[in-house]
Amino acid sequence: MLIEVTPEFRAAFPGGIFGALLVRGCANRPRPVSLQAEQRAVEEVLRARFPRDSIDTDPVARAYAGYFKRFGARYPVVHQAKTILSGRPIESPSALVEVMFTAEVDSLMLTSGHDLGMISGSLRVDVAREGDIYTKISGRDQGLKPGDMVVRDAEGIIASVLYGPDFRTRLRAESRAALYGTWAPVGLTVATVEVHLETLTRLLRREWPEAVIEPPRILTAAVGA
C-alpha cells in the first residue's frame with residue numbers, strides 16, 4: 001500500500017510524523033486470549049509512573065494536549081489512561097481494538113485502527129480543509145476543523161486527530177487484517193513513534209502468532225522523507 005505525505009501537511013506540520021503498521025491474518029475476536037499478563041504489567045507500570053494524577057505532565061501527553069488545545073479540545077488518550085489509573089482494567093469488546101488500546105495507554109501515543117480490507121487505494125497524510133466532512137465511527141457525520149491532521153484514501157477521509165477513525169474503515173467483528181496509524185502532528189520524535197509501533201507489533205505477535213506483520217512505516221513532514 002502506498003502512503004504519502006501531501007505538500008499541505010508538510011507546510012502545516014513541519015515536525016509532523018505519521019506511523020503505519022499493517023497486519024494480516026489477525027481474525028478479530030471479542031477479547032484477546034493471550035495478553036492478560038502484558039496488560040496487567042502495563043497497568044502496574046502506568047500507576048507507578050503517574051502517582052497522584054501527574055500524567056498531564058508527561059512530555060508526550062503535553063505535546064498532544066497542546067495540539068488539542070488549539071482546537072478547544074482535550075486529549076482523549078490521557079482521559080482513557082486516567083481510567084486505568086483509577087483502577088479500571090484495560091478492556092474493549094474487540095481484540096483488535098484492545099491490542100491497540102493497550103499500546104496506546106502504555107506510550108500515550110494517539111493511534112487509530114482500521115479494517116485493511118475496507119481501505120480504498122493509497123493513503124495520503126493531509127490537512128483538513130474548509131467544508132471537509134466524514135462519517136465518524138459512531139455513524140454520525142462530522143464537519144472537520146480546517147487545519148486538523150487527517151488521512152484520506154481514494155474514497156475520502158478515514159480518520160482525523162480531533163475526531164478519530166471513520167465508520168467505513170472501522171475495525172469490526174469480521175475484520176481479518178488491520179491498518180494501525182499513529183498520529184504525531186507536533187512535538188514528538190521518530191524514535192518515540194518507532195518504540196510505540198514496536199510495542200504494538202509485539203502485542204499483535206503475542207495474540208496472533210501466525211499473523212503477517214509488515215515492518216512499521218514512518219513518514220515525516222521533512223522533504224524527501
Side-chain angles (χ1 to χ4, degrees), residues 3-21 55-56 58-82 97 100-101 103-115 119 122-153 155-171 178-190 192-197 200 216-222 225:
I3 308 174
E4 58 185 355
V5 174
T6 68
E8 291 79 6
F9 178 79
R10 296 184 193 278
F13 303 109
I17 306 167
F18 181 75
L21 190 66
I55 191 169
D56 294 293
D58 180 85
V60 173
R62 291 177 63 183
Y64 282 110
Y67 180 93
F68 277 78
K69 186 176 181 180
R70 289 168 46 192
F71 297 93
R74 294 184 178 181
Y75 184 39
V77 174
V78 164
H79 172 73
Q80 293 164 344
K82 286 180 178 179
V97 174
M100 177 186 73
F101 181 40
E104 267 191 318
V105 297
D106 179 62
S107 66
L108 304 183
M109 297 286 294
L110 183 66
T111 308
S112 63
H114 305 268
D115 187 315
I119 293 174
S122 60
L123 296 180
R124 291 179 296 136
V125 183
D126 199 11
V127 178
R129 302 173 180 83
E130 190 71 44
D132 275 341
I133 298 174
Y134 82 135
T135 304
K136 294 196 301 182
I137 196 169
S138 65
R140 295 179 135 189
D141 286 349
Q142 176 68 54
L144 296 180
K145 295 187 178 182
D148 188 17
M149 178 181 177
V150 300
V151 171
R152 307 174 192 264
D153 71 357
E155 295 186 33
I157 291 168
I158 67 166
S160 85
V161 167
L162 292 179
Y163 299 111
D166 74 327
F167 183 79
R168 172 172 56 89
T169 71
R170 71 194 185 282
L171 291 169
L179 163 75
Y180 293 102
T182 297
W183 307 67
V186 290
L188 299 169
T189 67
V190 168
T192 303
V193 176
E194 288 175 338
V195 169
H196 171 68
L197 292 179
L200 182 54
R217 304 188 201 182
I218 309 291
L219 292 86
T220 74

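Small disclaimer: the values here were computed from a predicted structure and weren't measured.
- Side-chain contact check for Arg10 versus Val127: every heavy-atom pair is 4.5 Å or farther apart.
- Looking only at distances, a side-chain donor or acceptor of Lys145 sits under 3.5 Å from a matching main-chain atom of Phe71.
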Verify side chain to side chain contact (heavy atoms under 4.5 Å, CB included) between Leu21 and Leu179, making sure each step is shown before the conclusion. CA-CA 6 Å; Leu21 190 66; Leu179 163 75; over 6 Å; no

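- Side-chain contact between Ile55 and Leu108 is present, with at least one heavy-atom pair separated by less than 4.5 Å.
- Considering only heavy atoms from C-beta on, Asp58 stays 4.5 Å or farther from Val78 through its side chain.
- The two atoms that bring Met100 and Leu200 nearest to each other are CA-CD1, 4.0 Å, heavy atoms only.
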For Met109 and Val60, run side chain to side chain contact (heavy atoms under 4.5 Å, CB included): C-alpha distance rounded to whole Å, both residues' side-chain angles, the deciding distance at 0.1 Å, then the answer. CA-CA 7 Å; Met109 297 286 294; Val60 173; 3.9 Å; yes

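- Among residues at least two apart or in separate chains, side-chain hydrogen bond (donor to acceptor under 3.5 Å, both in side chains) pairs with a member in residues 61-70 are Tyr67-Asp148.
- Closest non-hydrogen pair, Pro216 versus Leu197, comes out as CB-CD1, 3.8 Å.
- No side-chain heavy atom of Thr6 sits under 4.5 Å from any side-chain heavy atom of Val125.
- Judged by distance alone, the side chain of Glu104 and the main-chain N or O of Leu110 form no donor-acceptor pair under 3.5 Å.
- Scanning for ring-ring contact (aromatic ring centres under 6.0 Å, His included) contacts around Tyr180 gives an empty result, with sequence neighbours left out.
- Within 6.0 Å of CZ on Arg74 lie no more than 12 heavy atoms contributed by other residues, nucleotides or ligands.
- At a threshold of 4.5 Å between non-hydrogen side-chain atoms, the residues Phe18 and Pro185 do not count as touching.
- For Phe167, the ring-ring contact (aromatic ring centres under 6.0 Å, His included) test picks out no residue, with sequence neighbours left out.
- Between the side chain of Arg170 and the main chain of Gly113, no donor-acceptor pair closer than 3.5 Å is present.
- You'll find the side chain of Glu130 reaches within 4.5 Å of the side chain of Pro146, heavy atoms only.
- Formation of a donor-acceptor pair under 3.5 Å by the Ser107 side chain with backbone atoms of Ala103 is found in this model.
- Residues passing the salt bridge (Lys or Arg N to Asp or Glu O under 4.0 Å) test with Glu155 are Arg168, sequence neighbours excluded.
- Under the ring-ring contact (aromatic ring centres under 6.0 Å, His included) criterion, Tyr134 pairs with no residue, sequence neighbours left out.
- Inter-residue side-chain proximity for Ile119 and Leu123 is flagged as met; some heavy-atom pair is nearer than 4.5 Å.
- With sequence neighbours left out, Ser112 forms a side-chain hydrogen bond (donor to acceptor under 3.5 Å, both in side chains) with His114, Trp183.
- Looking at Val190 and Thr220, their side chains come closer than 4.5 Å, going by heavy atoms from C-beta outward.
- Under the 3.5 Å distance criterion, with hydrogens and angles disregarded, no donor-acceptor pair is assigned to the side chains of Thr135 and Asp166.
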Please lay out, stage by stage, how Asp132 and Arg152 fare under the test salt bridge (Lys or Arg N to Asp or Glu O under 4.0 Å). CA-CA 11 Å; Asp132 275 341; Arg152 307 174 192 264; 2.8 Å; yes

